[in-house]
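Each remark here refers to the structure printed beneath this line.
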Amino acid sequence: MSDIITPRVLKGFRDFLPEAESQRQRLSATLATTFGLFGFVPIDTPILEYAEILLGKSGGETEKQVYHFKDNGGREVAMRFDLTVPFARFMAEHSHELYLPFKRYHIAKVWRGENTQRGRYREFVQADFDTVGVDSAAADFEIIALIRQAMIDLGTPDSKILINNRGIFNRFLASIGLAAKSVEILRTVDKLAKLGRDETSRQLAELSDGRTAGLILDFIAAGTSFNDTLDNLTRLCGGDNPDCDRLREIQSMAEAYALGDSMVLAPWITRGLDYYTGVVFETMLDAIPDIGSVCSGGRYNDLAGLYTKQRLPGVGAAIGLDRLVAALEAIDRLKPVGNPAIVLILNLDADQQAEYQGLAARLRQAGQACEVFSDTRKMAQQYGYAEKKGIEWVVFRNESDKANGTWKLKNLRTQAIEELAGAESVVASCRNLAAG
RNA sequence: GUGGAUGUAGCUCAGUGGUAGAGUCCCAGAAUGUGGCUCUGGAUGUCGCGGGUUCGAACCCCGUCAUCCACCCCA
């Protein structure tokens, strides 16, 4: 009989080993730098909120996905399932302490109790960024430019930001008398890429009729260029209007910014979430489109309407960091993250313990990360340790080195061994290694 | 939440009713003029978990958990 508890983690939850966690931290740090480049500032909020805050408006679908329970004091609480709703509460509570427009980013874990798949977990990190307190093309464009920069910085310049404006679609639907079914139609259209034209047409015909389905499909057809597509949309929804103008303004900024064809007008992109009211976007990686959008968002005209009378329009997006890591791994584009220490001091002689630590101290004082192997094990094991951790250099000394006060520095890859006069020489050599 | 596939040693997998296997990895030893090549030996599995059928189950049946895929939704 055993009283050992089987170690396991919940479905959709994961442990991260050093290599994976290093990657996550690196990407996260990269994003923080990119956000800062655009003047976005960081915030954080609690992972647990009153259930009514998180479940307030969102009925059905999201409610089923939110982890909620009674805390030890009997309060109904819930774990945040995205960073936008907590942000809305945050703004309602702190807007008087802040300034508008307020541009914030928030990189943190969120939880959703839905079924798992590759790149789809129950606990995952989102990098959310929004500009609130302003409704302008400049703000919309800044989010797009930021997504573009983030994609470049993350190592996926070969990606496309698909953009659309829901307002245009709604105008179009109104013009053909289907405004009442806009939500269903938007959802159906959103699946065009996945279902294909025929199936989408069939489903649209169920919502309206065959002729209307054809009209809708014509409407969402892609043109030969951003402006060509936009001209088509403008014509089909009854001529110039503020929503088309917004896209034109964004496009002119994109040209000045030299975004090129990384920004695509995609009339079939609508996003399922019903709080978006203006431009919406998704970001697809050319190398692995199957994994889905790695950064999605859009404009909403009232962020915190549930919690305050102050009207806060905004625009923002969320990068799915874990999905991105899964994608980068799948296309083999994660840069290896080495061990922080590039030098291992081999521990071969029980009488030299003080010397090893003394050398390590010198190195560290010089800002040089190093390790002393923590036991006098066989050399093969110490070499193996260094290799597994990606440490390229080892320092050791044999009997004669010990007598002479010298050290040997060996490159594990080239096998080259260099004899060094003393600790200062080791420090100097390691400095060169780090620099070179 | 619904449907399908999968689940055997740390890893990759073979084994379809009759005493649990291979490769790799790991450990020990030999050789090696400070490891990595070679040789010898060794360890490791409640066959995801729990029931059932059977003289006998890794294999058949049911349930359950996890992973992957599709739906739904989304990052």
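In the text below, chain A, chain B and the rest are named by the order of the sequence lines, each starting its count at 1.
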Output all residues satisfying side chain to side chain contact (heavy atoms under 4.5 Å, CB included) with [X], sequence neighbours left out; order by chain, then residue number.
| X | value |
| --- | --- |
| A:Pro42 | A:Tyr105 |
| A:Tyr50 | A:Glu52, A:Ile53, A:Arg75 |
| A:Ala139 | A:Thr131, A:Val134, A:Ser136, A:Arg299, A:Val315 |

Exercise. Who passes side chain to side chain donor-acceptor pair (under 3.5 Å) against A:Gln25, sequence neighbours left out?
Worked result: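 Applying side chain to side chain donor-acceptor pair (under 3.5 Å) to A:Gln25 gives A:Glu21.
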
Problem set entry | Partner residues of A:Asn164 under the side chain to side chain donor-acceptor pair (under 3.5 Å) criterion, sequence neighbours left out |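 Listed in chain order: nothing, the list is empty.
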
For this session: Please work out which residues in residues 392-402 of chain A have a non-hydrogen atom less than 4.0 Å from an atom of RNA chain B and list them by number.
Result: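 RNA chain B contact set from residues 392-402 of chain A: A:Phe396, A:Asn398.
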
Exercise. Going 5' to 3' along nucleotides 63-71 of chain B, which nucleotides have protein heavy atoms under 4.0 Å from the base (write B), which only from the sugar-phosphate (write S), and which from neither (write -)?
Worked result: ---SSSBBS

Got a list of side-chain donor-acceptor pairs under 3.5 Å for residues 213-221 of chain A, not counting sequence neighbours?
none

For this session: Using the test ring-ring contact (aromatic ring centres under 6.0 Å, His included), find all partners of A:Phe373 that sit at least two apart in sequence or belong to another chain.
Result: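 Counting only residues at least two positions away or on another chain, A:Phe373 forms a ring-ring contact (aromatic ring centres under 6.0 Å, His included) with A:Tyr385.
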
Exercise. Among all residues two or more places apart in sequence or in another chain, which pass the salt bridge (Lys or Arg N to Asp or Glu O under 4.0 Å) test with A:Glu19?
Worked result: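 Listed in chain order: nothing, the list is empty.
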
For this session: Between B:G35, B:U34, B:C74, spot the one nearest the side chain of A:Lys408, thanks.
Result: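 Taking heavy atoms from C-beta onward, the closest nucleotide is B:U34.
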
Name the pairs: protein N/O against N/O of nucleotides 24-31 of chain B, kept only if under 3.5 Å.
none

For this session: Hey, could you give me each pair passing salt bridge (charged side-chain N to carboxylate O under 4.0 Å, His left out) that has a residue in residues 30-43 of chain A? Not counting sequence neighbours.
Result: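 Applying salt bridge (charged side-chain N to carboxylate O under 4.0 Å, His left out) to every pair that reaches into residues 30-43 of chain A, excluding sequence neighbours, yields nothing.
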
